[in-house]
Amino acid sequence: MRLYKAKNYEDMSRKAANIISAQVIMKPDCVLGLATGSTPIGTYKQLIEWYNKGDLDFSEVTTVNLDEYKGMPRENSQSYYYFMHTNLFDHVNLQKGRSFLPDGTEPDSEKACSDYNAVIHQVGGIDLQLLGIGRNGHIGFNEPADHFSLETHCVDLTPSTIDANKRFFEKEEDVPRQAYTMGIKTIMQAKRVLLVASGEDKAQALYDSFYGPVTPAVPASILQYHRNVYVVADEAALSKMP
Ligand code: F6R
């Protein structure tokens with residue numbers, strides 16, 4: 001694991017955007033695995049800024065997102081489809097039809113998951129996977145469990161994740177209870193993984209993931225076995241690191 005210490009959220013965002021830019025510049029037709037949530041918003045803003053300056057070109061890039069709420073219409077402002085469009089896709093020159101997310105509108109979980117596995121296979125795997133981390137160590141929606149789930153699957157969100165995500169909804173009851181997520185094997189097969197973390201509430205999860213035992217009870221701990229992991233975290237998130 002290569003650790004980049006950032007002073008604060010802005011610094012984390014810029015450092016993470018630098019790594020993504022390097023990937024896009026070195027391999028213009030790369031496949032980027034993308035994440036939603038609060039943490040990568042600043043990274044996406046920075047990428048948009050560099051795109052607007054003419055320093056970045058996404059015209060050959062393909063993107064695959066980690067996850068989507070099950071049963072969520074795309075036009076709902078809480079869908080990850082909507083999030084990606086408003087925070088990145090609508091502002092850069094990604095080609096239409098080259099950005100993929102699991103289909104949250106597909107009620108048949110088996111179909112939604114096997115379709116998404118096929119998409120990831122078709123695009124040839126992921127060059128760089130961007131990840132946030134949950135307070136419970138989840139990556140994507142791979143929640144703490146007694147085994148690692150390999151490919152795209154449907155998950156029941158844990159109370160801790162529902163609690164963390166309720167800030168985006170009017171009432172806690174509105175938070176979807178299920179999601180489709182890329183599995184651990186798919187994430188581990190990415191050539192490079194970039195994990196971003198900001199804030200004190202991520203400190204324990206970061207410590208457990210990189211200094212604790214590798215266990216499905218802390219899903220991100222599996223990244224200890226990945227050969228090319230870049231962690232960009234701010235001082236607060238690193239406060240429990242040795
Ligand atoms: C988002 C995702 C989640 C988040 C994690 C952290 O696509 O898969 O694993 O990365 O919940 O979320 P934030 O960044 O909001 O703290």
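First listed ligand is number 1; within each ligand, the first listed atom is number 1. Source: prediction; values computed, not measured.
For ligand 1, the atoms lying closer than 4.0 Å to a non-hydrogen atom of Leu66 are 8 (O). For ligand 1, the atoms lying closer than 4.0 Å to a non-hydrogen atom of Gly37 are 14 (O), 15 (O).
Arg167 counts as a contact of ligand 1, since one of its heavy atoms falls under 4.0 Å from the ligand.
Closest to atom 11 (O) of ligand 1 among all protein heavy atoms lies His138 NE2, 2.7 Å. Of the protein's non-hydrogen atoms, Thr39 OG1, 2.4 Å is the one closest to atom 14 (O) of ligand 1. In terms of protein heavy-atom proximity, atom 2 (C) of ligand 1 is closest to Asp67 OD2, 3.3 Å. Nearest to atom 6 (C) of ligand 1 among the protein's heavy atoms is Ile133 O, 3.4 Å. Protein heavy atom nearest atom 10 (O) of ligand 1, with residue, atom name and distance: Gly132 CA, 3.3 Å. Protein heavy atom nearest atom 15 (O) of ligand 1, with residue, atom name and distance: Ser38 N, 2.8 Å.
In this structure, Arg135 pairs ionically with Asp163, as a charged nitrogen and a carboxylate oxygen lie closer than 4.0 Å.
For the pair Thr161 (side chain) and Leu157 (backbone), a donor-acceptor distance under 3.5 Å is absent. A donor-acceptor distance shorter than 3.5 angstrom exists from the side chain of Ser79 to the backbone of Arg74, with no hydrogens or angles considered. In this structure, the side chain of His147 does not engage the main chain of Ala145 through any donor-acceptor pair within 3.5 Å.
Heavy atoms from both the backbone and the side chain of Thr36 come within less than 4.0 Å of ligand 1.
No donor-acceptor contact under 3.5 angstrom links the side chains of Thr43 and Arg14, judged on distance only.
Between atom 3 (C) of ligand 1 and the options Gly134, Ala35, Gly140, the minimum heavy-atom separation is to Gly140. Distances from atom 12 (O) of ligand 1 to the heavy atoms of Lys202, Glu143, Arg135 show the closest one on Lys202.
Residues Thr105 and Pro107 share a closest heavy-atom pair of O-CD, 3.2 Å.
Grouping the Ile, Leu, Val, Met, Phe, Trp and Tyr side chains by contacts below 4.5 angstrom, directly or via other members, places Val61 with Leu47.
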Would you list the atom pairs, donor with acceptor, under 3.5 Å between side chains in residues 23-31 and any protein atom, with sequence neighbours excluded?
| unit_1 | atom_1 | unit_2 | atom_2 | d |
| --- | --- | --- | --- | --- |
| Lys27 | NZ | Asp127 | OD1 | 3.0 |
| Lys27 | NZ | Asp127 | OD2 | 3.1 |

